[in-house]
Amino acid sequence: MTEEMMKETEVVVLGGGIGGVSTAYCLAKLGSDVTLIEKNELVSGASGANAAIVDLLWRQPGSDLKLGMASFELYDHLTKDLGYDIEFDRCGMLCPIETEIQFEEMKPFIEVRNKAGLPSARLVNRNEMLELEPNLSPSLLGAMWNPIDGHLNPMFAVYAFAEEAKRLGAKIYQNTTVLAINTERGRIKSVVTDKGEIGTKYVVNACGIDAPAIGEMLGVKIPIVPNREQLIVTEEIPNLVRRTLLGAGYKKTVEDGTSWATVAFYANPQKKGNLLIGGVNDFVGGDRRTTFEALQTISRVAIRFLPILKAQHVHVIRSWARFYIHTPDGKPILGKVEGLDGFIMVGGFNDYGMGVGPGAGKVIAELIYYGEPSIPISDFTLARFN
Amino acid sequence: MKRLIICRCEEITKEEIVKAIREGARSINAIKRRTESGMGLCQGRSCERLIARILNEETGLPIEKILPMTRRPPVRPLTLELLGGKIE
């Protein structure tokens, strides 16, 4: 596939993950002439290797929650209006609670979300929790429950946005490397790739974990580092687990003197019946291998929450590690980069890129097209780190 | 085209593999992400060479540039109980 690079375009989007394809799709829909460049193939990074959870419950009240809601609307649009099967299943998210203290702590958590526009979220007691998910351990106290959350197939979602963007006229170049970005009088001028140079007014940096490398080309420091997350997937066990499960207060730090990692619990049933279970997180630079210790920990924690996995001798068929896009304050980086006209960030989604990525793509498209986003993103500027 | 199963675990046909390539997939991993071939119990052991050959036929990419697909533990399916070991 040696296509010749176009000579001119209004907007160049760099990165073929959820942030990039949804930005390209929304721009194309508004009528912009947009070109997306991906170094590898579409969905090669964090969007293609995550836990497939999409939830509103854990969004912060305000713009974060609104970006989540806008994302859900776009997933619904892909599914209901455009006919893509992205396996978007709002089976509900159940967040088991282990102690009385956690139960008390979750009351204000729910209350602020109810007030912020998420009336569906509530606490349930043990009996109701077990009705919703009979195979959870009866030693758990209860859970937070949000019936409108769930999961999707992240790969299918990215391909669907990319297909629609193309249908609306966007150009997508895969296996294309950016070599340099030219500027003129403080404004973006062109992007030089190994397939040619393309003139443009805007560069949208949606490169996920590689966003800092693009920033560096322009002398812009982007404080993103990779956080390794390890997960496992089981054989198909349809209906053994029906909800997206995420331990509400379960987050432990394990140290062994030289290193540390955090351990969380989630279990997410997929359409075919496989269960995704995680996860152990640590900072190990660019190392994407899995470790025996982490897989052992994940298995143990999973059995504690879901004893059925042991009782039914459920098998693990694969493990993997992915990088989530860590920012110092855990919030995304969105919007114009000060001092360089036309350079725009979409990224730093931490561990919830599938949850807010499409909403972020939508507001960035609005920012470029109308000059103003429909959801305020001033909390997410790169400048906050200065 | 005859309905020819390539990935037995996930029941993915040759037609679906070819469609993924025509939509832009240029690696076994990309074909896997589009079709779910190689995501089942055998983790691509029986289909990866077949898929590599189809990709070679469709695009001319040399086989040695296609194989192998990414390998991840466990080598074969393992119970969570065994992987987790003894729980104190």
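All values below come from the heavy atoms of this structure, side chains included, with hydrogens, waters and symmetry mates left out. This structure is a prediction, so every number in the text was calculated from the model and none was measured. Residue numbers begin at 1 in each chain, while the letters A, B, ... track the order of the sequences.
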| A:Glu41 and B:Asn29: side chain donor to acceptor below 3.5 Å | no

| task | Sort B:Ser27 into side chain, backbone, both or neither according to what part of it lies under 4.5 angstrom from a heavy atom of chain A. | result | both

| query | Of all of B:Thr59, B:Leu78, B:Val75, which one pairs up most often with chain A through heavy atoms under 4.5 Å apart? | reply | B:Leu78

| note | Distance col, row B:Lys32:NZ vs A:Met155:CE, nearest 0.5 angstrom, shows 8.0 Å

| Side-chain touch A:Arg318/B:Thr70, heavy atoms, less than 4.5 angstrom | yes

| message | On the six-membered ring of A:Tyr159, is B:Arg34 placed so that its NZ or CZ lies under 6.0 angstrom from the centre and within 45° of the ring axis? | response | yes

| message | Keeping A:Gln174 on the side-chain end and B:Gly24 on the backbone end, is there a donor-acceptor pair under 3.5 Å? | response | yes

| message | Below 4.5 Å, heavy-atom pairs only: which of A:Leu309, A:Val158, A:Ile277, A:Leu295 has the largest tally toward chain B? | response | A:Leu295

| field | Separation of B:Thr79 OG1 from A:His313 NE2 (nearest 0.5 Å) | value | 8.0 Å

| OG-CZ distance between A:Ser44 and B:Arg33, expressed to the nearest 0.5 angstrom | 4.5 Å

| message | If you count every heavy atom of other residues, nucleotides or ligands that lies below 6.0 Å from B:Arg8 atom CZ, does the total exceed 12? | response | no

| field | Gap between atom CD of A:Gln296 and atom CG of B:Leu82 - 0.5 Å precision | value | 10.0 Å

| field | Nearest heavy atoms of A:Val316 and B:Pro74, plus distance in Å | value | O-CG, 3.6 Å

| remark: Whatever's closer than 4.5 Å to a heavy atom in chain B on A:Glu236 counts as side chain

| said: Testing the basics here: between A:Arg288 and B:Arg72, what is the closest heavy-atom pair and its distance to 0.1 Å? | reply: O-NH1, 2.7 Å

| In terms of heavy-atom proximity below 4.5 Å to chain B, should A:Asn153 be classed as side chain, backbone, both, or neither? | side chain

| query | Is the closest side-chain heavy-atom distance between A:Lys272 and B:Glu36 below 4.5 Å? | reply | yes

| Does the side chain of A:Ile298 reach to within under 4.5 Å of the side chain of B:Leu80, using non-hydrogen atoms? | no

| request: Heavy atoms only: give me the nearest B:Gln43-A:Ile317 pair and the separation to one decimal. | output: CG-O, 3.4 Å

